[in-house]
Amino acid sequence: MIVLPRAFYARPTLTVARELLGCLLVRTLPDGQRLTGRIVETEAYIGQEDLACHARAGRTPRTEIMFGPPGHAYVYFTYGMHWLLNAITEPEGQPAAVLIRAVEPLEGLDRIAAHRAGRQRREWTSGPARLTRAFGIDGALNGCDLVGPPGRAALSLIAGPPVPDADVRTGPRVGLGSTPEPWRSLAWRLWVADSPDVSKAR
DNA sequence: CCGAGGATTATCT
DNA sequence: GATAATCCTCGGA
């Protein structure tokens with residue numbers, strides 16, 4: 001198991017979003033249970049000029065974490081009920097992040113299913129708020145360091161088998177209804193072709 | 001299958 | 001006071 005090093009994150013956000021495809025999200029629950037998922041969908045949010053990025057308004061209590069060092073989690077609350085997980089990217093001082101939009105459940109299926117009681121398997125982790133629910137991720141993990149030994153860290157990202165370019169698809173980011181062009185249409189959403197766990201675009 | 005509308009609150013204007 | 005990097009349920013075809 002190779003934990004992605006901080007240098008992995010301290011690069012252009014689109015590069016990180018691309019290379020996170022195929023990597024493993026490892027969540028260690030408070031009771032020690034480990035949940036693992038293969039990342040199959042990401043989105044890039046890049047800097048104050050990106051009018052879809054929370055950092056567009058500059059430093060605020062919420063966005064402060066995005067200005068900090070890379071390799072940390074940015075977990076925020078939206079729509080009054082959902083938590084979304086991001087990985088901070090780019091060198092310190094440049095606010096940017098990759099949103100983890102979907103994973104393929106690999107390990108801890110019982111607990112994942114329990115967190116998603118009553119849902120079909122395909123709905124367990126096929127969306128940014130679905131996967132945080134399935135993996136027990138909420139605001140308590142905002143700011144936590146992603147660069148740490150899995151099993152000791154609450155959240156880790158592990159190198160996985162690379163996804164070949166031929167299997168990568170791109171398109172506009174999801175849910176940016178009122179964001180002006182060109183930001184709304186930039187192809188900053190990336191996913192693994194043919195994965196049944198990719199979210200449905202709306 | 002599909003589209004419309006509601007849920008529910010932190011955050012920023 | 002409006003909006004939100006979403007999800008779910010319900011009604012109709």
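Rounded to a whole Å, the CE atom of M81(A) is 4 Å from the C1' atom of dA7(B). Per the geometry, OH belonging to Y79(A) stands 13 Å off C1' belonging to dA10(B), to the nearest Å. Residue L51(A) contributes atom CG, which lies 16 Å from atom P of dT3(C) at whole-angstrom precision. Rounded to an integer number of Å, the gap from NE2 of H82(A) to P of dT6(C) is 9 Å. Atom CG of L131(A) is separated from atom P of dT6(C) by 12 Å (rounded to the nearest Å). Distance K200(A) NZ to dC2(B) C1': 10 Å, rounded to the nearest Å. Rounded to an integer number of Å, the gap from I88(A) CD1 to dA5(C) P is 15 Å. As a whole-Å value, the separation of W83(A) CH2 from dA4(C) P is 19 Å.
When ring centroids are compared, H54(A) and Y76(A) come within the 6.0 Å threshold.
Residue H54(A) places a side-chain atom within donor-acceptor reach of the base of dA5(C), judged by atom type and a 3.5 Å distance cut-off alone.
A 6.0 Å sphere centred on CZ of R6(A) holds more than 12 heavy atoms belonging to other residues, nucleotides or ligands. Atom CZ of R189(A) has more than 12 heavy atoms from other residues, nucleotides or ligands within 6.0 Å.
Residue L176(A) is classed as a sugar-phosphate contact, given heavy-atom separations below 4.0 Å to backbone atoms only. Nucleic acid contact for R119(A): sugar-phosphate only, since backbone atoms but no base atoms lie under 4.0 Å from a heavy atom of the residue. Using a 4.0 Å heavy-atom criterion, one finds that A52(A) contacts the bases of the nucleic acid, with or without backbone contacts as well. R189(A) comes within contact range of no nucleotide atom at all, as no heavy-atom separation falls under 4.0 Å. Contacts of S178(A) with the nucleic acid, taken as non-hydrogen atoms under 4.0 Å apart, involve only primed sugar atoms and P, OP1 or OP2. Contacts of F77(A) with the nucleic acid, taken as non-hydrogen atoms under 4.0 Å apart, involve only primed sugar atoms and P, OP1 or OP2. As judged by a 4.0 angstrom heavy-atom cut-off over every strand, R173(A) is placed among residues making no nucleic acid contact. No engagement by S199(A) is indicated, since no non-hydrogen atom pair under 4.0 Å with the nucleic acid exists.
Considering only side-chain N and O atoms, R133(A) lies nowhere under 4.0 angstrom from the phosphate OP1 or OP2 of dT6(C). OP1 or OP2 of dC8(C) has at least one side-chain nitrogen or oxygen of R116(A) nearer than 4.0 Å. Considering only side-chain N and O atoms, T60(A) lies under 4.0 angstrom from the phosphate OP1 or OP2 of dC12(B). For the pair R130(A) and dC8(C), the criterion of a side-chain N or O lying under 4.0 Å from OP1 or OP2 is met.
Each of E123(A) and A97(A) lies near DNA chain C, and the nucleotide nearest A97(A) is the one positioned closer to the 5' end.
The side chain of R62(A) lies closest to dT11(B) when the candidates are dT11(B), dC7(C), dA5(C).
Going from atom CD1 of I88(A) over to atom CG of L146(A) covers 8.5 Å, rounded to the nearest 0.5 Å.
Searching all strands for a Watson-Crick or G-U wobble partner of dC1(B) with both distances below 3.5 Å returns dG12(C).
For the pair R111(A) and F135(A), the cation-pi criterion (under 6.0 Å, within 45° of the ring axis) is not fulfilled.
Taking 4.5 Å as the limit, every side-chain heavy atom of E43(A) sits out of range of all side-chain heavy atoms of W188(A).
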